[in-house]
Amino acid sequence: MPAMGKLIGSGRTADVYEIDEGWVLRRNREDWGDAAAEGAVMEHVRAYGYPVPRVRPVDPPTSRTDLVMERLTGPTMVEALVAGSIDAREVGTVLAALLRQLHAIPGRRPGTRVLHLDLHPENVMLTPAGPHVIDWGTTEDGDPGLDWGLSAIILAQVAVDDLPIAGPARAILTALLADPADLTEAGLAEARRRRAVNPTMTSHEVELLGAAEELVRSLASSREP
């Protein structure tokens with residue numbers, strides 16, 4: 001098990017620590033997720049050229065809590081948006097491109113594709129080498145429609161909330177759905193179901209799901225040929 005250094009970040013399910021030059025330790029809290037499985041997926045998609053941090057082996061290699069990965073430099077898309085170095089339309093366009101690039105990668109089960117299932121602006125870092133996707137704890141193999149549904153409904157929950165970032169979130173969502181061909185009815189319905197039972201969601205966030213789904217449907221239908 002690598003020695004932990006300074007705490008440099010915390011999220012809803014994990015903490016991130018410095019360990020040595022160029023590498024960080026991401027430690028899951030309360031047995032959340034499976035770090036070994038997450039690292040394996042990251043290495044799988046990286047082998048196909050997908051932009052993710054490199055992963056370094058840990059001891060034991062089957063650890064469910066510890067993931068050692070490359071330390072990326074650069075802001076998240078949200079940080080860059082707040083700083084004014086990227087606009088909402090570009091954020092949505094890049095997210096759509098990242099989803100399509102990911103779904104070109106075969107899954108580990110025949111007939112499936114790799115899904116991220118939490119691809120939104122806080123999980124994309126803008127590094128000097130380009131956008132990199134982080135936080136693969138929810139990944140699985142399946143149908144791309146579910147990935148599109150989750151990215152859309154996550155953005156829509158922010159867009160229908162009473163927050164300063166609601167307007168930019170709607171603009172990002174509009175750009176994401178500029179071509180909604182990959183968003184499916186089944187994928188959107190399952191995305192809402194999963195968000196409703198997600199243990200990291202607040203009751204307020206759950207209450208927003210109905211309005212969020214309506215917004216996604218409205219924007220997608222307005223883009224259909």
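Side chains included, hydrogens not; waters and symmetry mates left out as well; all remaining heavy atoms used. In this text, all values refer to a predicted model and were calculated from it rather than measured experimentally.
- Grouping the Ile, Leu, Val, Met, Phe, Trp and Tyr side chains by contacts below 4.5 angstrom, directly or via other members, places Leu126 with Leu98.
- Once rounded to the nearest 0.5 Å, the distance linking OG1 of Thr138 with CG of Leu117 reads 5.0 Å.
- The CD1 atom of Ile154 sits 12.5 Å away from atom CD1 of Ile172, with the distance rounded to the nearest 0.5 Å.
- Side-chain N/O atoms of Asp147 and His103 include a donor and acceptor closer than 3.5 Å.
- Using a distance-only test at 3.5 Å, with no hydrogens or angles considered, no donor-acceptor pair links the side chain of Ser151 to the main chain of Trp148.
- Under a 4.0 Å N-O distance rule, the pair Arg193/Glu190 qualifies as a salt bridge.
- Tracing side-chain contacts under 4.5 Å through hydrophobic residues (I, L, V, M, F, W, Y), one reaches Ile153 starting from Val160; they form part of the same cluster.
- Checking side-chain atoms of Asn28 against main-chain N and O of Arg64 turns up a donor-acceptor pair under 3.5 Å.
- The line from CG of Leu25 to CG of Asp15 is 9.5 Å long, rounded to the nearest 0.5 Å.
- For Glu205 and Arg195, the salt-bridge test fails: no basic side-chain N is under 4.0 Å from an acidic carboxylate O.
- A chain of hydrophobic side-chain contacts below 4.5 Å, direct or via other Ile, Leu, Val, Met, Phe, Trp or Tyr residues, connects Met77 to Leu99.
- Using a 4.0 Å cut-off between charged side-chain N and carboxylate O, Glu185 and Arg217 make a salt bridge.
- Linking ILVMFWY side-chain heavy atoms closer than 4.5 Å, directly or via other members, places Ile165 and Leu119 in two distinct hydrophobic clusters.
- Counting all heavy atoms, side chain and backbone alike, Arg54 lies closest to Trp23 at O-CZ3, 3.8 Å.
- Residues Arg46 and Val55 are not in side-chain contact: their nearest non-hydrogen atoms beyond the backbone lie 4.5 Å or more apart.
- Transitive grouping of hydrophobic side chains (ILVMFWY, heavy atoms separated by less than 4.5 Å) brings Val24 and Val133 into a common cluster.
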